[in-house]
> 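What follows is a structure written as structure tokens; I'll ask about it next.
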Amino acid sequence: MNSVHAPAKPKRTNLLDFDRKGLSAFFVEIGEKPFRATQLLKWIYQEDVQDFNLMTNLSKSLRAYLNEHCCIETPEIVVEQIATDGTCKWALQTSCGNRVETVFIPEEGRGTLCVSSQVGCALACSFCSTAQQGFNRNLTTAEIIGQLLVAQKRLDPDNRITNVVMMGMGEPLLNFDNVIAAVNLMMDDFAYGLSKRRVTISTSGVVPAMYRLTEVCDVSLAVSLHAVTDELRDELVPINKKYPLKELMAACRENVKIAPRRKITFEYVMLDGINDSLQDARGLIKLLKSVPSKLNLIPFNPFPNSPYRCSSNETINRFRMLLNEAGIVTTVRRTRGEDIDAACGQLVGKVEDKSRRHLKIKPASSERAA
Ligand code: SAH
């Protein structure tokens, strides 16, 4: 006999899941004109209106349809921390019960939002604390672009988000479609309208996805290099075993062809006694000469049980000087939000690991029980 259930409510379509192209297609599908997409984007991203009833240039019947079948749903802030230097970190609750983190970094004349792309990370970079959390799932487009919406709402109006870096939790190019849709919204004049120079995707080097990116989107690209030999990079950034340096640099050379004077930003974490020798600097000069590039040295940010130490200031400065003298524009990333663990590689959220990467060694007791 069948038990009686209340009919399941059909799931509403979250309109934050669409970029302009997706939204136009959605409107066409429901019998509307594609230009409704630009109207809706302006309401959401420029006027900060989320109530369909207030969207006065939409017809009454369309507003009724949207009220019944659609929603504009952002992730919810569950923890807010503000560092002494003004950096803000928010933990956001996702629908699956996990948390991801977003960081706002105020600087003279600009404000950068560091955005997460996945719940945890499936790559096991040995110097990154997000990696220790394991991986749960990809964030949706709504959860990615929603980080901008909720952050901007929490900030004073004079603290505008002028730059976005996809450098929070996760590997953006392993969540390709959702990240591209979100980045499209960041750069769309009908939505956030940030210039392509102010939106950056950072990748550990997922080479096939880098080629795809080059084809579909001219967002700025940063590459986490961290080592100049395959031997060391295999250890620090294990995806190098799949896509070694030679293939990575070839993908970078292809990407800079998008536009004249385009450059790749290479990130290089400074690890004491590991990748900070004179020989490493020389290797780096040689490698970076093969592609138009800028270099960003990141002082290593420690986390509990991390096996590394940060290089000394002296070593970092010497490294920078050598690279600059060789004609490679090199900057040292200032560590921000240290007192709230908001710096690079310190974002952890709250992740229930589904990758089982951490379950490789079965505890003896469960072995007996099995
Ligand atoms: N998955 C993307 C984005 C990650 S975070 C990527 O790998 O590029 C952004 C940068 O912070 C990356 O360059 C990453 O390698 C670096 N990073 C990770 N852990 C760090 C740590 N503990 N200290 C300093 N930088 C770190």
Side-chain angles (χ1 to χ4, degrees), residues 89 100-103 105 112-135 138-139 144 147 163-176 178-179 182-183 199-207 209-210 213 219-228 232-233 235-240 242-243 248 251-252 255 264-272 274-276 284 293-311 316 319 331-338 341-349 351:
K89 182 167 87 166
V100 293
E101 295 185 332
T102 301
V103 178
I105 306 149
T112 303
L113 193 71
C114 179
V115 168
S116 292
S117 57
Q118 297 182 311
V119 181
C121 190
L123 304 178
C125 299
S126 56
F127 53 88
C128 178
S129 69
T130 304
Q132 319 302 315
Q133 300 274 298
F135 173 73
N138 282 333
L139 291 179
I144 299 169
Q147 294 174 54
N163 295 56
V164 177
V165 290
M166 297 294 311
M167 293 186 187
M169 296 166 68
E171 166 50 50
L173 293 188
L174 289 179
N175 182 12
F176 195 89
N178 295 345
V179 165
V183 160
V199 181
T200 303
I201 289 184
S202 176
T203 181
S204 55
V206 188
V207 167
M210 288 169 71
L213 179 73
V219 63
S220 297
L221 185 61
V223 171
S224 296
L225 192 61
H226 305 320
V228 294
L232 180 59
R233 198 162 188 272
E235 201 181 292
L236 300 179
V237 188
I239 199 172
N240 191 71
K242 212 164 172 185
Y243 309 115
L248 176 64
C252 291
N255 185 271
I264 307 275
T265 301
F266 287 94
E267 296 159 280
Y268 195 93
V269 64
M270 296 299 294
L271 302 170
D272 183 33
I274 304 282
N275 64 355
D276 62 353
L284 200 50
S293 47
K294 290 183 279 190
L295 178 65
N296 197 209
L297 301 176
I298 316 177
F300 170 65
N301 295 304
F303 52 89
N305 304 321
S306 63
Y308 304 107
R309 276 177 319 183
C310 182
S311 310
I316 296 176
F319 215 81
T331 48
V332 178
R333 191 176 294 175
R334 208 148 57 90
T335 295
R336 300 291 304 266
E338 230 172 341
D341 287 345
C344 303
Q346 291 184 316
L347 302 188
V348 290
V351 178

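Basis for what follows: all heavy atoms, side chains included, without hydrogens, waters or symmetry-related copies. Atoms within a ligand are numbered from 1 in the order they appear, just like the ligands themselves.
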> Based purely on interatomic distance, does S129 place a nitrogen or oxygen under 3.5 Å from a nitrogen or oxygen of ligand 1?
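Min N/O separation from ligand 1 is not below 3.5 Å for S129.
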> Checking R309 now: which residues fulfil salt bridge (Lys or Arg N to Asp or Glu O under 4.0 Å) with it, not counting sequence neighbours?
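Expected list: D272.
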> Any nitrogen or oxygen of F127, main chain or side chain, under 3.5 Å from a nitrogen or oxygen of ligand 1?
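For ligand 1, there is an N or O atom that lies under 3.5 Å from one belonging to F127.
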> Do you see a donor-acceptor pair shorter than 3.5 Å between the side chains of T203 and E171?
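Side-chain D/A pair, T203 to E171: present.
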> Has ligand 1 got any nitrogen or oxygen that is less than 3.5 angstrom from a nitrogen or oxygen of R333?
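Looking only at distances, the answer is no, because the N/O contact criterion of under 3.5 Å is not met.
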> Is T203 touching ligand 1 with its side chain, its backbone, both, or neither, if touching means heavy atoms under 4.0 Å apart?
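Backbone only; the side chain of T203 stays clear of ligand 1.
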> At under 4.0 Å between heavy atoms, which part of M167 makes contact with ligand 1: side chain, backbone, both or neither?
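It is both parts that get close, each with some atom under 4.0 Å.
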> Distance under 4.0 Å to a non-hydrogen atom of C128: what atoms of ligand 1 satisfy this?
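Per the distance check, 18 (C), 19 (N).
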> Heavy-atom distances under 4.0 Å decide this one: backbone, side chain, both or neither, for N301 against ligand 1?
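Contact part for N301 vs ligand 1: both backbone and side chain.
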> For the backbone of H226 and the side chain of N275, can you confirm whether one donor and one acceptor N or O come within less than 3.5 Å of each other?
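Side chain of N275 to backbone of H226: a pair is present.
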> If you measure from atom 3 (C) of ligand 1 to every heavy atom of S204, S224, G170, which option wins on shortest distance?
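Among S204, S224, G170, the closest heavy atom to atom 3 (C) of ligand 1 belongs to G170.
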> Checking contacts here: is it the side chain or the backbone of P299 that comes within 4.0 Å of ligand 1, counting heavy atoms only? Could be both or neither.
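For P299, only backbone atoms sit under 4.0 Å from ligand 1.
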> Kindly indicate, with the supporting measurements, whether the criterion side-chain contact (heavy atoms from CB on, under 4.5 Å) is fulfilled by V332 and M270.
CA-CA 10 Å; V332 178; M270 296 299 294; over 6 Å; no
> Please enumerate all residues that pass ring pair (Phe, Tyr, Trp, His ring centres under 6.0 Å) together with Y268, with sequence neighbours excluded.
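Here the qualifying residues are F319.
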> Can any side-chain N or O of N301 pair as donor or acceptor with the backbone N or O of T335 at less than 3.5 Å?
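Judged by distance alone, no pair lies under 3.5 Å.
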> Are any non-hydrogen side-chain atoms of T112 and C114 less than 4.5 angstrom apart?
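T112 vs C114: side chains apart.
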> Would a distance-only check, ignoring hydrogens and angles, find a side-chain to backbone donor-acceptor pair under 3.5 Å from K89 to E101?
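Absent.
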> Counting each atom of ligand 1 from 1 as listed, which ones have a heavy atom of H226 under 4.0 Å away?
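By the 4.0 Å cutoff, the relevant atoms are 13 (O), 14 (C), 15 (O).
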> With a cut-off of 4.0 Å, which atoms of ligand 1 are near a heavy atom of E267?
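Listed by number with element: 9 (C), 10 (C), 12 (C), 13 (O).
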